[in-house]
Amino acid sequence: MDDELLATLRIREVVQNWVLHRDAGDWERFALAWHDDGWMTATWFQGPAADFIRVSKAGFESGVTILHFLGGIAVDVRGTRAVAQTKMKIQQRAPVHDVEVDVTCTGRFYDFFEQRAGRWAIVRRQPIYEQDRLDVLDPAADLRLDRAELYRFPVGYRHLAYLQRAAGYDVMSGLPGLRGPEVELLYAEGGQWLAGSARPGVPLAAQPEPED
């Protein structure tokens, strides 16, 4: 088996294990998906992987229900570095205005990988949010959303943001979607990573605040 194919298989395994171990609450094995300096960006969280594991565990134990489903995976390998894109769905169940709902967001995981000491793991994960929808569990329930609040966020994750803000989370705006400068910047950062850049791009939470 050639090195690139073996690397692709290892990376695919990490991507799949991330979802299975995270959703099952297997935090020790979930941590193995990351390098120690790993960085996670989500709608509701931006920061080091170790902090993401900690807050995900706290949410899981308090009853937060967030599930992930995977589709196809494409991996570009360049030596000891790689970029993986994985079709995914995020599903979160929670009350919105006292009505139980499911929000399903479709997109991609865009992962910066590196092989260190023979081990492939994630250095940075940036989801791409393509589109989402909200479904009421009880068809007879009457749910009216605040349209001004809903349209504060991009089309790719506005219902997810609405639910998460209703649950008390701070939600980041301006995350990458199917089209636009945000996702084009992410693609450029991925290309630079494969070409040997010193860091895997600049995650939004790590960028300086704009001056007034």
Side-chain angles (χ1 to χ4, degrees), residues 18-27 30 39-71 86-111 124-183 185-186 203-207 209-210 212:
W18 191 103
V19 164
L20 289 169
H21 296 154
R22 187 248 173 259
D23 288 1
D26 189 342
W27 307 112
F30 180 55
W39 185 273
M40 177 68 190
T41 299
T43 51
W44 60 276
F45 176 90
Q46 302 83 41
D51 291 344
F52 179 67
I53 295 167
R54 175 179 53 79
V55 297
S56 295
K57 179 180 179 181
F60 184 89
E61 292 176 350
S62 68
V64 174
T65 302
I66 303 175
L67 302 175
H68 301 80
F69 305 88
L70 298 183
T86 308
K87 288 296 295 182
M88 59 82 177
K89 288 188 177 182
I90 303 167
Q91 186 178 81
Q92 185 165 358
R93 176 169 293 184
V96 171
H97 306 318
D98 297 321
V99 176
E100 197 82 2
V101 305
D102 280 337
V103 169
T104 304
C105 181
T106 301
R108 280 169 283 157
F109 287 135
Y110 194 97
D111 294 324
R124 175 188 172 195
R125 166 162 284 189
Q126 172 60 69
I128 299 169
Y129 301 94
E130 297 176 343
Q131 68 179 30
D132 73 346
R133 60 179 290 163
L134 182 152
D135 295 290
V136 176
L137 271 61
D138 179 0
D142 183 20
L143 175 61
R144 299 180 185 273
L145 303 183
D146 181 331
R147 293 180 66 83
E149 171 72 10
L150 180 66
Y151 283 87
R152 287 182 53 183
F153 291 92
V155 64
Y157 62 100
R158 60 177 42 139
H159 295 91
L160 186 61
Y162 195 103
L163 177 152
Q164 290 175 344
R165 282 176 58 81
Y169 291 98
D170 291 327
V171 178
M172 178 177 282
S173 61
L175 295 173
L178 183 59
R179 304 176 182 85
E182 296 85 2
V183 76
L185 173 61
L186 182 61
L204 290 175
Q207 295 177 350
E209 293 293 330
D212 293 333

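Being a predicted model, the structure only gives us computed values, none of them experimental.
Sequence neighbours left out, the pairs with a member in residues 153-170 that pass salt bridge (charged side-chain N to carboxylate O under 4.0 Å, His left out) are E149-R165. Among pairs with a residue in residues 131-152, none fulfils ring-ring contact (aromatic ring centres under 6.0 Å, His included), at least two apart in sequence or across chains.
Taking the side chain as every heavy atom from C-beta outward, F45 and M40 approach each other to under 4.5 Å. The shortest side-chain heavy-atom distance between M88 and I90 falls under the 4.5 Å cut-off. Considering only heavy atoms from C-beta on, Y162 stays 4.5 Å or farther from F153 through its side chain. Within the 4.5 Å cutoff, the side chain of L150 has heavy atoms near those of the H159 side chain. Side-chain atoms of M172 and Q46, non-hydrogen and from C-beta on, do get closer than 4.5 Å to each other. Annotation: side chain of L178 is not in contact with side chain of I128 (no heavy-atom distance under 4.5 Å).
Looking at residues two or more places apart in sequence or on another chain, you find no salt bridge (charged side-chain N to carboxylate O under 4.0 Å, His left out) involving R179. D142 is linked by a side chain to side chain contact (heavy atoms under 4.5 Å, CB included) to R144, counting only residues two or more places apart in sequence or in another chain. By the side chain to side chain contact (heavy atoms under 4.5 Å, CB included) test, D23 is found to be paired with V19, L67, H68, residues two or more places apart in sequence or in another chain being considered. Every residue two or more places apart in sequence or in another chain was checked for a side chain to side chain donor-acceptor pair (under 3.5 Å) with D146, and none qualifies. Scored by the salt bridge (charged side-chain N to carboxylate O under 4.0 Å, His left out) test, D111 finds R125 as partners (sequence neighbours excluded). Qualifying side chain to side chain donor-acceptor pair (under 3.5 Å) partners for Y129, counting only residues two or more places apart in sequence or in other chains: none. Listed by chain and number, the residues in a ring-ring contact (aromatic ring centres under 6.0 Å, His included) with Y169 are W44 (sequence neighbours excluded). Scanning for side chain to side chain donor-acceptor pair (under 3.5 Å) contacts around Q92 gives Q164, with sequence neighbours left out.
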Would you be so kind as to tabulate the donor-acceptor pairs closer than 3.5 Å made by side chains of residues 50-62, with sequence neighbours excluded?
from	atom 1	to	atom 2	distance (Å)
S56	OG	F52	O	2.7
S62	OG	A58	O	3.3
S62	OG	G59	O	3.0

Side chains of residues 98-110: which donor-acceptor partners sit under 3.5 Å, not counting sequence neighbours?
from	atom 1	to	atom 2	distance (Å)
D102	OD1	R93	NE	2.7
D102	OD2	R93	NH2	2.8
T104	OG1	Q91	NE2	3.4
R108	NE	E130	OE2	2.7
R108	NH1	Q85	OE1	2.7
R108	NH1	Y187	OH	3.0
R108	NH2	E130	OE2	3.2
R108	NH2	Y187	OH	3.1

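G174 and E182 make their closest contact through O-CG, 3.3 Å (heavy atoms, listed as atom of the first residue, atom of the second, distance). Pairing each heavy atom of T86 with each of G71, the nearest pair is CG2-O, 4.3 Å.
Residue T41 holds its OG1 atom at 9.5 Å from CG of L186, rounded to the nearest 0.5 Å. Rounding to the nearest 0.5 Å gives a distance of 7.5 Å between OG1 of T43 and OH of Y157.
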Mind running side-chain contact (heavy atoms from CB on, under 4.5 Å) on L134 and L163 for me, showing each step along the way? CA-CA 9 Å; L134 182 152; L163 177 152; 5.7 Å; no
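Atom NZ of K89 is surrounded by 12 or fewer heavy atoms from other residues, nucleotides or ligands within 6.0 Å.
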